[in-house]
Asker: 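Pasting a structure here, questions to come.
Quick note: numbers below take in every heavy atom, side chains included, and nothing from hydrogens, waters or symmetry partners. These numbers were taken from a predicted model, which means no experiment stands behind them.
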Amino acid sequence: MINYDHYTYKVTWSREDEEFVGLCVEFPSLSFIDKNRNTALEGITDLVKDVVADMEANDETIPEPISEKNYSGKFVVRIPPEHHRRLAIEAAEQKISLNRYVSLKLAC
C-alpha cells in the first residue's frame with residue numbers, strides 16, 4: 001500500500017484565482033484551491049488520498065512517491081558541442097573535473 005503522505009506536495013499562490021493552490025508532483029492533474037494556505041495543503045493531501053484509494057480499488061498502477069525512489073546519481077545529458085567545449089574550458093580554469101564542475105553548476 002502506498003503511503004499518500006510520502007508524495008511531494010507544494011502550495012503556491014494563484015494570482016489568477018487569488019487563492020492558494022495545493023499541488024502534488026506525482027499527480028500533476030490534481031489541484032486544490034482555497035483562500036487559506038494550510039487548507040489548500042490539507043485539501044490536496046486528502047484528494048490524493050482518495051485518488052490513491054480509488055486506484056487501489058480498481059487495481060490501477062499507482063505512482064511511486066519520488067521520496068521513495070532510489071537514484072544512482074548518474075544521468076546522461078546531451079548538449080551542443082560548443083557548450084561542452086565551453087564547460088570543459090571553465091572546468092579546466094577552475095582546476096576541477098568537468099563532472100565536478102557541471103555538478104556544482106547544477107546545484108546552484
Asker: Of all residues at least two apart in sequence or in a different chain, which pass the ring-ring contact (aromatic ring centres under 6.0 Å, His included) check with Phe27?
Answerer: Tyr7
Asker: Determine whether more than 12 heavy atoms belonging to other residues, nucleotides or ligands lie under 6.0 Å from atom NZ of Lys69.
Answerer: yes
Asker: So, for Thr8 and Glu26, which heavy atoms are closest and what is the spacing to 0.1 Å?
Answerer: N-OE1, 2.9 Å
Asker: Who pairs with Asp54 by side chain to side chain contact (heavy atoms under 4.5 Å, CB included), at least two apart in sequence or on another chain?
Answerer: Asn58
Asker: Taking side chain to side chain contact (heavy atoms under 4.5 Å, CB included) as the definition, give me every residue that meets it alongside His84, ordered by chain and number, with sequence neighbours left out.
Answerer: Ile79, Leu98
Asker: Taking salt bridge (charged side-chain N to carboxylate O under 4.0 Å, His left out) as the test, write out the residues that go with Glu90, two or more places apart.
Answerer: Arg86
Asker: Taking the side chain as C-beta and beyond, is there a heavy-atom pair between Asp34 and Phe20 under 4.5 Å?
Answerer: no
Asker: Looking at Met55 and Ile62, what are the two nearest heavy atoms and their distance?
Answerer: CB-CG1, 3.8 Å
Asker: Which heavy atom in Val21 sits nearest to a heavy atom in Ser31, and how many Å separate them?
Answerer: CG1-CB, 3.9 Å
Asker: Taking all atoms of both residues into account, what is the closest heavy-atom pair of Glu18 and Lys35, and its distance?
Answerer: O-NZ, 3.9 Å
Asker: Looking only at atom types and distance, does a side-chain atom of Asn3 sit under 3.5 Å from a main-chain N or O of Asp5, one as donor and one as acceptor?
Answerer: yes
Asker: What heavy-atom pair brings Ile2 and Glu56 nearest, and what distance separates the two atoms?
Answerer: N-OE2, 3.6 Å
Asker: According to a hydrophobic-cluster definition based on side-chain heavy atoms being under 4.5 Å apart (Ile, Leu, Val, Met, Phe, Trp, Tyr only), do Val25 and Leu23 belong together?
Answerer: no
Asker: I need the Phe32 CZ to Leu47 CG distance, nearest 0.5 Å.
Answerer: 8.0 Å
Asker: Output all residues satisfying side chain to side chain contact (heavy atoms under 4.5 Å, CB included) with Ile96, sequence neighbours left out; order by chain, then residue number.
Answerer: Gln94, Arg100, Tyr101, Leu104
Asker: Could you report the tightest heavy-atom contact between Glu64 and Glu68, atom names first, then the distance?
Answerer: OE2-O, 3.3 Å
Asker: Side chain to side chain contact (heavy atoms under 4.5 Å, CB included) with Glu16: which residues, sequence neighbours excluded?
Answerer: Ser14
Asker: Would you say Ile66 ends up clustered with Val51 if hydrophobic residues are merged whenever their side chains have heavy atoms under 4.5 Å apart, either directly or through other cluster members?
Answerer: no
Asker: Report the residue from Leu30, Ile33, Thr39 that forms a side-chain contact (heavy atoms from CB on, under 4.5 Å) with Ile44.
Answerer: Leu30
Asker: With clusters defined by side-chain heavy atoms of hydrophobic residues (ILVMFWY) lying less than 4.5 Å apart, directly or transitively, does Leu41 cluster with Tyr4?
Answerer: yes
